[in-house]
> 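Quick one: structure below, then a few questions.
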Amino acid sequence: MIYKLLPILIYFIAVIGAITSGLLVYFGLASKQERKQTRLRVKQQLESNKEKVVKQATDSPGEQLLREADYPVGINGIKYYTFFTALMIVLVSYYLIVPFLMGQFISVWRILFLIVVYFVFLPSFPYSLFRYVLNAVIAYKQAKRNSEVFMLYDLVINELEAMDVTRVNTYNLIRNLKPYFEYINGSLSQLLARWTDDGGPREALERFGEDIGTKEAKSLAATLKTLDENDRSTVLSALKGMNNMFVRSQIENYRRRRKVVTDLGSLPIRITHFLILLNFIAVVVYMVMVIMQNARV
């Protein structure tokens with residue numbers, strides 16, 4: 001083991017010696033003022049590079065998907081790309097750099113394995129496992145939001161039917177119903193926060209519908225705009241008139257959620273089939289290589 005690690009130790013000592021000699025030459029030739037200016041330039045360059053990395057991660061496809069998925073388990077674009085880069089560095093070091101420095105033979109399968117891992121976790125690759133999982137999470141959460149929109153619609157009708165007054169205070173109605181929701185709770189909080197902005201309730205409700213992004217939410221937001229302007233019976237008639245549309249959309253959302261659950265459940269089977277197929281291809285390629293080598297002999 002010591003003899004195997006000896007070439008790596010020699011490279012390590014050589015690198016440390018080169019860095020140390022470079023620092024000694026620099027401190028010996030540069031004045032205190034020049035060293036201070038160099039530190040400032042390096043610090044500014046690091047800050048600039050950090051801002052560029054953050055901006056690229058913020059505008060990246062991975063960040064957009066994670067944002068739509070509401071950042072599952074607290075992972076944002078910067079954290080994911082940091083994990084992705086660290087994973088690739090560790091794998092490349094373990095399967096390529098270290099065997100190369102130790103004089104071992106690097107097989108083609110190691111390179112193919114690294115390429116497969118790279119594309120499986122690459123956010124910009126349209127068929128990567130990362131995009132598949134996040135798209136499934138986005139579809140599931142979108143279906144849950146739509147389900148809660150339907151529940152909000154139903155609760156608004158029940159609240160209006162239980163009221164004795166002819167006029168409705170939409171703000172108080174939404175504020176009292178907000179604790180019953182989980183997936184649209186944040187959108188409802190933003191709706192209430194924007195209620196008294198310059199745009200008023202109409203703009204706040206429009207942004208609420210756009211934030212959820214479904215036609216059911218936009219239809220409900222359009223109806224809620226008229227709550228303060230019309231009496232209770234008129235609003236109830238308008239809401240009940242949309243009942244069939246919401247029921248059909250809810251059935252469709254249930255089917256979509258079942259499809260998402262089925263797809264996630266079948267993911268291990270698909271991965272197994274992919275690995276079996278990959279193993280079969282590897283065996284065929286290895287047999288062809290062996291036959292070609294024997295033919296040359």
Side-chain angles (χ1 to χ4, degrees), residues 1-27 38 41-43 45-57 60-63 65-66 75-134 267-268 270-297:
M1 188 66 183
I2 296 176
Y3 289 106
K4 290 182 179 180
L5 295 177
L6 188 59
I8 300 177
L9 181 62
I10 293 174
Y11 282 115
F12 179 75
I13 295 174
V15 170
I16 295 297
I19 294 174
T20 304
S21 61
L23 289 175
L24 292 175
V25 172
Y26 170 73
F27 283 110
T38 303
R41 284 198 302 269
V42 171
K43 185 177 180 180
Q45 187 66 30
L46 290 176
E47 291 292 334
S48 177
N49 292 336
K50 181 180 178 180
E51 292 178 0
K52 290 180 180 179
V53 170
V54 172
K55 187 176 184 303
Q56 290 176 356
S60 63
E63 175 68 21
L65 285 173
L66 289 168
I75 298 178
N76 56 16
I78 297 176
K79 291 180 180 179
Y80 180 78
Y81 279 105
T82 302
F83 162 77
F84 177 69
T85 304
L87 175 65
M88 292 308 303
I89 290 175
V90 170
L91 292 178
V92 170
S93 300
Y94 182 79
Y95 287 104
L96 292 182
I97 297 178
V98 173
F100 175 77
L101 294 177
M102 297 178 65
Q104 296 179 0
F105 173 74
I106 299 176
S107 64
V108 179
W109 304 116
R110 293 188 178 186
I111 300 175
L112 291 177
F113 170 74
L114 293 175
I115 293 174
V116 170
V117 172
Y118 176 78
F119 282 106
V120 162
F121 292 98
L122 184 64
S124 58
F125 185 58
Y127 303 105
S128 65
L129 180 64
F130 174 84
R131 296 184 71 91
Y132 181 83
V133 172
L134 279 187
L267 186 60
R270 295 183 180 182
I271 294 175
T272 303
H273 289 170
F274 173 77
L275 293 176
I276 293 173
L277 181 62
L278 185 63
N279 181 65
F280 175 75
I281 295 173
V283 171
V284 172
V285 174
Y286 180 75
M287 290 175 60
V288 171
M289 292 175 62
V290 171
I291 293 173
M292 291 181 64
Q293 289 178 357
N294 293 334
R296 291 176 183 176
V297 174

> Near Phe84 CZ, under 6.0 Å, is it more than 12 heavy atoms from other residues, nucleotides or ligands?
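Counting neighbours around CZ of Phe84, more than 12 heavy atoms of other residues, nucleotides or ligands fall under 6.0 Å, so yes.
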> Measuring from atom CG of Leu275 to atom CZ of Phe280, what distance do you get when rounded to the nearest 0.5 angstrom?
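Leu275 atom CG to Phe280 atom CZ measures 15.5 Å (nearest 0.5 Å).
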> According to ring-ring contact (aromatic ring centres under 6.0 Å, His included), who are the partners of Tyr286, at least two apart in sequence or on a separate chain?
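Tyr286 satisfies ring-ring contact (aromatic ring centres under 6.0 Å, His included) with no residue once adjacent residues are dropped.
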> Dump the intermediate steps for side-chain contact (heavy atoms from CB on, under 4.5 Å) on Phe130 and Leu66, then the final yes or no.
CA-CA 10 Å; Phe130 174 84; Leu66 289 168; 4.2 Å; yes
> Using the test ring-ring contact (aromatic ring centres under 6.0 Å, His included), find all partners of Phe119 that sit at least two apart in sequence or belong to another chain.
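Counting only residues at least two positions away or on another chain, Phe119 forms a ring-ring contact (aromatic ring centres under 6.0 Å, His included) with Phe125.
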> Output all residues satisfying side chain to side chain contact (heavy atoms under 4.5 Å, CB included) with Leu129, sequence neighbours left out; order by chain, then residue number.
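Val120, Val133, Leu267.
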> Would you say that Lys79 contacts Asn76 through its side chain, given a criterion of any heavy-atom pair below 4.5 Å between the two side chains?
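Answer yes - side chains close enough.
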> Once ring-ring contact (aromatic ring centres under 6.0 Å, His included) is applied, do any residues pair with Phe121, and if so which ones, sequence neighbours excluded?
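Testing Phe121 for ring-ring contact (aromatic ring centres under 6.0 Å, His included), a comparison that skips the adjacent residues, returns none.
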> Under 3.5 Å, which donor-acceptor pairs link side chains of residues 15-23 to any protein atom two or more places apart or in another chain?
from	atom 1	to	atom 2	distance (Å)
Thr20	OG1	Ile16	O	2.8
Ser21	OG	Gly17	O	3.1
Ser21	OG	Ala18	O	2.8

> Sequence neighbours left out, what passes side chain to side chain contact (heavy atoms under 4.5 Å, CB included) with Phe100? Give chain and number order.
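Here the qualifying residues are Ile106.
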> To the nearest 0.5 Å, tell me how far Ile75 CD1 sits from Leu134 CG.
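If we round to the nearest 0.5 Å, Ile75:CD1 and Leu134:CG are 9.0 Å apart.
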> Check whether any side-chain heavy atom of Tyr132 lies under 4.5 Å from a side-chain heavy atom of Tyr127, and answer yes or no.
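In short, these two side chains do not touch, never coming nearer than 4.5 Å.
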> Apply side-chain contact (heavy atoms from CB on, under 4.5 Å) to residues Trp109 and Val285 and explain how you reach the verdict.
CA-CA 10 Å; Trp109 304 116; Val285 174; 3.6 Å; yes
> Could you work out, with side chain to side chain contact (heavy atoms under 4.5 Å, CB included) as the rule, every residue matching Ser48, not counting sequence neighbours?
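Partners of Ser48 under the side chain to side chain contact (heavy atoms under 4.5 Å, CB included) test: Lys52.
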> Tell me every residue that passes side chain to side chain contact (heavy atoms under 4.5 Å, CB included) with Leu277, counting only those two or more places apart in sequence or in another chain.
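Partners of Leu277 under the side chain to side chain contact (heavy atoms under 4.5 Å, CB included) test: Ile281.
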> Identify every side-chain donor-acceptor pair in residues 87-98 under 3.5 Å, counting partners at least two apart or on other chains, and give the distances.
from	atom 1	to	atom 2	distance (Å)
Ser93	OG	Ile89	O	2.7

> What pairs with Phe274 under ring-ring contact (aromatic ring centres under 6.0 Å, His included), at least two apart in sequence or on another chain?
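None.
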> Could I get the full list of side-chain hydrogen bond (donor to acceptor under 3.5 Å, both in side chains) partners for Asn49, not counting sequence neighbours?
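Gln45.
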> Taking the side chain as every heavy atom from C-beta outward, state whether Glu63 and Pro123 have any pair of such atoms under 4.5 Å apart.
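Glu63 vs Pro123: side chains apart.
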